[in-house]
Amino acid sequence: SAGKPVSSHYLRERVYNHLIGAWGRRSKAEASAAGRDRRRGRSARRRAAAKAANAALAEAEYIVERMAAGDRGLVLPDAKTYGLVLSAYGRAGKTREASDLFRRMEERHERFGPVHPAPGVICHNAVINAHSKAANPMAAMDQLRAMAERGVEADVVSFSSVLDGWARWFQSNTALESDGKAVSDAIAQAEDIMALLEQSKEGPNVVAYNTLLKAYLNGAKLLGKFEGSTSTSLLALTKQASSIFTRMAAAKVYPDNITLSSVIHVAAAATDAITCKRGATGSRKDALEAARIAEDVLLGMQTSFLDKGDARAKPSTKLYNIVVTALGRTLTEEGIVRAHKLILLMEDNMAVNSSLGPNAVTYTAYMKALADACTPEAAKKAEEVLVRMEKMNQEGNNAVQPSLMSFNISLCAWAKIRDISGAKHAERILTRMEARRNTGLSGINPDIVSYATCIDAWAKSSDFEAGVRAQTLLDRMQ
């Protein structure tokens with residue numbers, strides 16, 4: 001009411017904290033704009049947005065410092081006041097600024113007592129988040145230990161933020177400059193954090209498990225780049241990821257679509273990494289086992305969605321495509337057979353739910369597996385798939401319209417036969433592509449890869465007219 005004095009709590013909560021929160025939101029919005037401009041190549045706009053984001057953070061901290069100093073009779077900040085600024089720094093990954101403000105908060109509490117609040121779990125979590133966003137999980141773990149030393153009980157957000165730090169570390173330059181042992185050790189440390197969370201009073205939630213799976217995924221991708229890592233270690237990581245369902249059941253946490261999809265992504269990434277190590281003993285067997293783990297999870301999702309009506313488990317066509325690709329990349333006969341059966345299953349699913357049907361990427365991934373088999377029978381099957389795609393597209397299924405890559409893979413399949421029959425089949429497909437181009441059909445104009453593949457097919461055919469045929473193709477390309 002008019003004339004009634006305003007309390008310090010009201011001023012702090014309804015004025016200063018709101019103002020600080022507004023600056024934090026402004027910083028977040030400007031940082032998002034800077035990210036969009038970076039992706040779009042707008043350097044000047046990116047720099048301006050980043051500068052505005054930093055300025056907004058500086059304004060928020062300035063208000064807190066004025067409040068802490070009692071400037072012009074301002075009310076003192078409370079834990080929420082500090083938490084708003086620290087959280088903003090955490091989102092931005094500003095580790096130095098967050099740590100400095102946190103240290104000043106502690107010093108004021110030690111010097112002046114309860115009138116200045118001690119950092120609570122929110123403030124600690126903000127600093128952990130800042131270190132994690134900066135891909136520095138070791139510093140985040142130090143902050144986690146500091147919480148225990150100060151008698152502040154860590155919550156699920158605390159542990160999840162550290163896990164996120166490890167997931168980001170695998171994508172950092174520091175990780176790229178390390179080796180396979182360092183990556184394996186990092187995965188073990190992330191696992192230790194999850195074990196602590198599982199033993200904690202609050203326990204993990206689905207976000208925490210999903211973050212651990214993100215660390216597994218990035219770790220699998222990175223392991224594939226190091227000479228020291230083996231197909232056995234990659235397969236072990238895949239099994240570790242798939243065992244998360246048992247752990248979640250013990251913790252009474254229900255997996256969501258992200259959980260299920262993440263396990264598939266880990267298995268597919270491991271399969272891809274293993275196939276890059278073909279010299280390793282038993283690598284194809286390990287690759288197939290990893291791909292089958294992805295297949296089992298996918299089929300489980302399909303059963304839960306179609307038979308049990310669990311919408312949370314609905315698999316996307318992208319997930320089917322990932323598994324088809326993984327099975328194909330194993331370079332095994334069983335992998336190709338399983339990929340084909342999965343496509344047939346997708347075709348059957350269309351009668352029940354059209355969103356579960358195959359698309360052009362599905363068929364093209366299967367064609368790639370057939371092309372890599374390097375046999376006349378496989379090349380024939382790849383061309384049959386291409387013809388089927390064309391027929392389905394003519395019947396009105398736009399999702400399976402063959403792309404230029406589809407045609408080029410069919411060309412490649414025949415080129416890998418290395419005989420005159422393969423060269424003739426390849427040229428026949430190229431001629432069909434040219435005919436489609438001349439009729440105005442989009443998406444299948446032969447490019448330099450198309451002609452080069454066909455020329456290569458003739459060059460390796462050992463036919464006495466190979467040179468003449470290759471020159472004719474070169475003239476057609478020009």
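Heavy atoms only: backbone and side chains are in, while hydrogens, waters and symmetry mates are out.
Salt bridge status for Arg292 with Asp296: absent, with no side-chain N to carboxylate O gap under 4.0 Å.
The aromatic rings of Trp169 and Trp166 lie perpendicular to each other, with more than 60° between the two planes, well past the 30° mark.
No more than 12 heavy atoms of other residues, nucleotides or ligands sit less than 6.0 Å from atom CD1 of Ile258. More than 12 heavy atoms of other shown residues, nucleotides or ligands fall within 6.0 angstrom of atom CG in Leu344. The neighbour count for Glu333 CD, taken as heavy atoms of other residues, nucleotides or ligands under 6.0 Å away, does not exceed 12. Within 6.0 Å of the CG atom in Leu196, the count of heavy atoms belonging to other residues, nucleotides or ligands exceeds 12. Around atom CZ of Arg418, no more than 12 heavy atoms belonging to other residues, nucleotides or ligands sit under 6.0 Å away. Around atom NZ of Lys214, more than 12 heavy atoms belonging to other residues, nucleotides or ligands sit under 6.0 Å away. Annotation: Lys368, atom NZ; neighbour count of heavy atoms from other residues, nucleotides and ligands within 6.0 Å does not exceed 12.
Counting heavy atoms from C-beta on, the side chains of Thr317 and Met346 come closer than 4.5 Å. With a 4.5 Å cut-off on side-chain heavy atoms, Lys94 and Asn54 count as touching. A 4.5 Å side-chain heavy-atom check between Pro376 and Lys380 finds every atom pair outside the cut-off. Contact of the Phe226 side chain with the Ser178 side chain is registered, since non-hydrogen atoms from C-beta on lie closer than 4.5 Å. Using a 4.5 Å cut-off on side-chain heavy atoms (C-beta onward), Ile128 and Leu144 make contact. Using a 4.5 Å heavy-atom cutoff, the side chains of Ser184 and Leu223 are in contact. Residues Asn445 and Leu404 are not in side-chain contact: their nearest non-hydrogen atoms beyond the backbone lie 4.5 Å or more apart. Side chains of Tyr254 and Val206 form no contact here, defined as non-hydrogen atoms less than 4.5 Å apart.
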| task | Under the side-chain contact (heavy atoms from CB on, under 4.5 Å) rule, what do His340 and Lys381 come out as? Steps first, then yes or no, please. | result | CA-CA 11 Å; His340 184 227; Lys381 288 181 180 178; over 6 Å; no
| Worked check of side chain to side chain donor-acceptor pair (under 3.5 Å) between Gln471 and Asp475 | CA-CA 6 Å; Gln471 182 61 50; Asp475 294 339; 3.0 Å; yes
| request: Verify salt bridge (charged side-chain N to carboxylate O under 4.0 Å, His left out) between Asp372 and Lys416, making sure each step is shown before the conclusion. | output: CA-CA 8 Å; Asp372 290 339; Lys416 289 182 177 182; 2.9 Å; yes
| message | With side-chain contact (heavy atoms from CB on, under 4.5 Å) as the criterion, how do Ile336 and Leu327 come out once you've worked through the C-alpha distance, each side chain's angles and the decisive distance to 0.1 Å? | response | CA-CA 6 Å; Ile336 294 175; Leu327 289 167; over 6 Å; no
| said: Does Asn408 form a side-chain contact (heavy atoms from CB on, under 4.5 Å) with Asp447? I'd like the steps, not just the answer. | reply: CA-CA 9 Å; Asn408 283 349; Asp447 62 359; 3.4 Å; yes
| request: Quick one: do Glu383 and Trp414 satisfy side chain to side chain donor-acceptor pair (under 3.5 Å)? Show the steps, please. | output: CA-CA 9 Å; Glu383 186 175 355; Trp414 283 115; 2.8 Å; yes
| field | Chi angles and distances behind the side chain to side chain donor-acceptor pair (under 3.5 Å) call for Ser262, Thr259 | value | CA-CA 5 Å; Ser262 295; Thr259 315; over 6 Å; no
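For the atom pair Ser461 OG and Ile417 CD1, the distance stands at 12.5 Å (nearest 0.5 Å). For the atom pair Lys314 NZ and Leu306 CG, the distance stands at 9.5 Å (nearest 0.5 Å). Between the CD1 atom in Ile455 and the CG atom in Leu474 there is a gap of 5.0 Å [rounded to 0.5 Å].
Asn218 contributes a side-chain N or O that, together with a main-chain N or O of Ala167, makes up a donor-acceptor pair within less than 3.5 Å.
Minimum interatomic distance between Ser27 and Leu57 (heavy atoms only, all atoms of both residues): OG-CG, 3.2 Å.
Remark: of the listed residues Arg284, Lys239, Arg338, Lys239 is the sole one forming a salt bridge (Lys or Arg N to Asp or Glu O under 4.0 Å) with Glu289. Paired with Val162 under the rule side-chain contact (heavy atoms from CB on, under 4.5 Å), one option of Met138, His131, Gln143, Met141 passes, and it is Met141.
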